[in-house]
Protein chains: 2
Amino acid sequence: MDFEIEIANYNFSSIFLKMNNDIFVRMISKKTKYAINALVYLAKRNGEGPIVISEIAEKEHIPRKFLESILLNLKKAGVLASKKGKGGGYYLLQNPEDINLADVMRLFDGPIAFLPCVTYKYYERCEECKDEETCGIRDVFYEVRNKTVELLKKANLAEIIKRERHLITDL
Amino acid sequence: MDFEIEIANYNFSSIFLKMNNDIFVRMISKKTKYAINALVYLAKRNGEGPIVISEIAEKEHIPRKFLESILLNLKKAGVLASKKGKGGGYYLLQNPEDINLADVMRLFDGPIAFLPCVTYKYYERCEECKDEETCGIRDVFYEVRNKTVELLKKANLAEIIKRERHLITDL
DNA sequence: GAATAGTCTACTAAATCTATAGACTTTATT
DNA sequence: AATAAAGTCTATAGATTTAGTAGACTATTC
């Protein structure tokens, strides 16, 4: 991986205005990241029966109590199932092929689009917008949303694990 | 524009978990939206000399005082110039072709990537990550970032205005 | 019935977003 | 020189979100 492509025409002052504070603001939340990591972990051990929270927390470096609530959310969303008591834990309820990053991100962080007027299920007009029908900005962000969702939908748990294997092989 | 494509394999519970509060959390900030709208406005009137803040604020439905600080930021970034006193105002310092959405978004909202480990200039390791080199999740988000930046870089002010004209024609 | 393991409710500290208020500086015009 | 126009700078604040933590409760297995 390299980022050479972009160096060519980088015009702007490269300094973010918010240099003093945290600039990683619009990224996916830790909740989503933890969820994805936990799901990949469970996908790798799919079929082995329930896995306890503490194992996932430890192996994936996720705060245990925080992970609890995340897994609970995934259960409510129908992605995971759980078993209480000894020998209990969490396991996938769907096939690894059917759980993709677009859905996980939406579950925890809401719509993937950059603007409310180009979301799939949560459409909302931009307050300041003069005419949505002819908005060139919207047109761009609509394109970006579509491409992003397309790539994230392809990225299911099985695919992520496959990529991991490829990356290891290429080392 | 329609969203039919996606309906086919939408597996998850379609209800966001954070239904009670604002779900439009990860979208671009109002600051960025206002900045883009102001820039497009200035691009349309490029060559007419300085435009006063209040005119932009009024026409684009942006809170005046808020817009002030945004334009100041854009000036500091070298995108705009200003003139004080009577007959003053703001105007583009760069060609409309050279001001693109990727740069504007970065300026106000920080990196475009979904993960700190795939940013172009603000790389940071994910704390919880076990091995970045073989991370399938990173691989996916790297792809998404590249495609997104590609589309957003193409979207310069001239392009946005061109799209607007096309959309009007198609009505 | 004891140990294991998930469930639920409540709380908190820190940060960010979206502004608003007001004093100050520079410039053009009369 | 005075005045009005217009951008600049500093400070503040309410609302919301994020990333947790604490602790009591419930169900299951041995």
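Here is the naming used below: chain letters follow the sequence lines, and residue numbers restart at 1 for every chain.
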(message) Nearest whole Å is fine: how far is D:dG20 C1' from B:Glu127 CD?
(response) 12 Å
(message) I'd like to know if A:Tyr142 and B:Ile36 are part of one continuous hydrophobic network [Ile/Leu/Val/Met/Phe/Trp/Tyr, side-chain heavy atoms within less than 4.5 Å].
(response) yes
When the side chains of residues 63-71 of chain A are checked against the rest of the protein, which donor-acceptor pairs come out under 3.5 Å, sequence neighbours left out?
from, atom 1, to, atom 2, distance (Å)
A:Arg64, NE, A:Glu68, OE2, 3.3
A:Arg64, NH1, A:Ser54, OG, 3.4
A:Arg64, NH2, A:Glu68, OE2, 3.0
A:Lys65, NZ, A:Glu68, OE1, 3.4
A:Ser69, OG, A:Phe66, O, 3.0

(request) Could you verify whether a donor N or O on one side chain and an acceptor N or O on the other, from B:Tyr91 and B:Glu48, lie under 3.5 Å apart? (result) no
(request) Return no unless some side-chain N or O of B:Ser82 is found under 4.0 Å from OP1 or OP2 of D:dT8. (result) yes
(request) Answer yes or no: does a side-chain N or O of A:Tyr34 lie under 4.0 Å from OP1 or OP2 of D:dG20? (result) yes
(request) Give a yes or no on whether A:Glu133 atom CD has more than 12 heavy-atom contacts from other residues, nucleotides or ligands under 6.0 Å away. (result) no
(request) Can you measure from CG (A:Asn156) to CD1 (A:Ile161) and round to the nearest 0.5 angstrom? (result) 9.0 Å
(request) Please report, rounded to the nearest Å, how far the P atom of D:dA19 is from the CE atom of A:Met27. (result) 13 Å
(request) Return yes when atom CD of B:Glu58 has more than 12 non-hydrogen atoms of other residues, nucleotides or ligands closer than 6.0 Å, and no otherwise. (result) no
(request) Please report, rounded to the nearest Å, how far the P atom of C:dT20 is from the CG atom of B:Leu67. (result) 12 Å
(message) Going by the rule side chain to side chain donor-acceptor pair (under 3.5 Å), which residues pair with A:Ser29 if we only count those two or more places apart in sequence or in a different chain?
(response) A:Thr32, A:Asp109
(message) Without decimals, in angstroms, what is the distance between B:Ile28 CD1 and C:dT18 C1'?
(response) 15 Å
(message) Between P on D:dG7 and CD1 on B:Ile70, what's the gap in Å once rounded to a whole number?
(response) 14 Å
(message) Under 4.0 Å, heavy atom to any atom of DNA chain D: which of residues 46-64 of chain A qualify?
(response) A:Pro63
Distances under 3.5 Å only, N/O to N/O: pair up the protein atoms with those of nucleotides 8-13 of chain C.
none

(message) Expressed as a whole number of angstroms, how long is the span from B:Lys75:NZ to D:dG7:P?
(response) 10 Å
(request) Considering only NZ, NE, NH1 and NH2 on the basic side and carboxylate oxygens on the acidic side, decide whether A:Glu127 and B:Lys30 come within less than 4.0 Å. (result) yes
(request) For B:Leu80 and D:dT8, give me the distance from atom CG to atom P, rounded to whole Å. (result) 10 Å
(message) Measure CG/B:Leu71 against P/D:dA6 and give the value in whole Å, please.
(response) 15 Å
(message) So if I define the base as every atom that isn't primed, P, OP1 or OP2, how would nucleotides 25-30 of chain D read as a B/S/- string at a heavy-atom cutoff under 4.0 Å?
(response) -BBBS-
(message) Measuring from the side chain of B:Tyr90 (C-beta onward, heavy atoms only), which nucleotide among D:dT18, D:dG7, C:dA19 has the closest atom?
(response) D:dG7
(request) Take atom CD of A:Glu128 as the centre, draw a 6.0 Å sphere, and report whether it contains more than 12 heavy atoms from other residues, nucleotides or ligands. (result) yes
(request) Only counting residues at least two apart or in another chain, list the ones meeting side chain to side chain contact (heavy atoms under 4.5 Å, CB included) with A:His166. (result) A:Lys162
(request) Give a yes or no answer on whether the side chain of B:Arg145 reaches the backbone of B:Phe114 with a donor-acceptor pair at less than 3.5 Å. (result) no
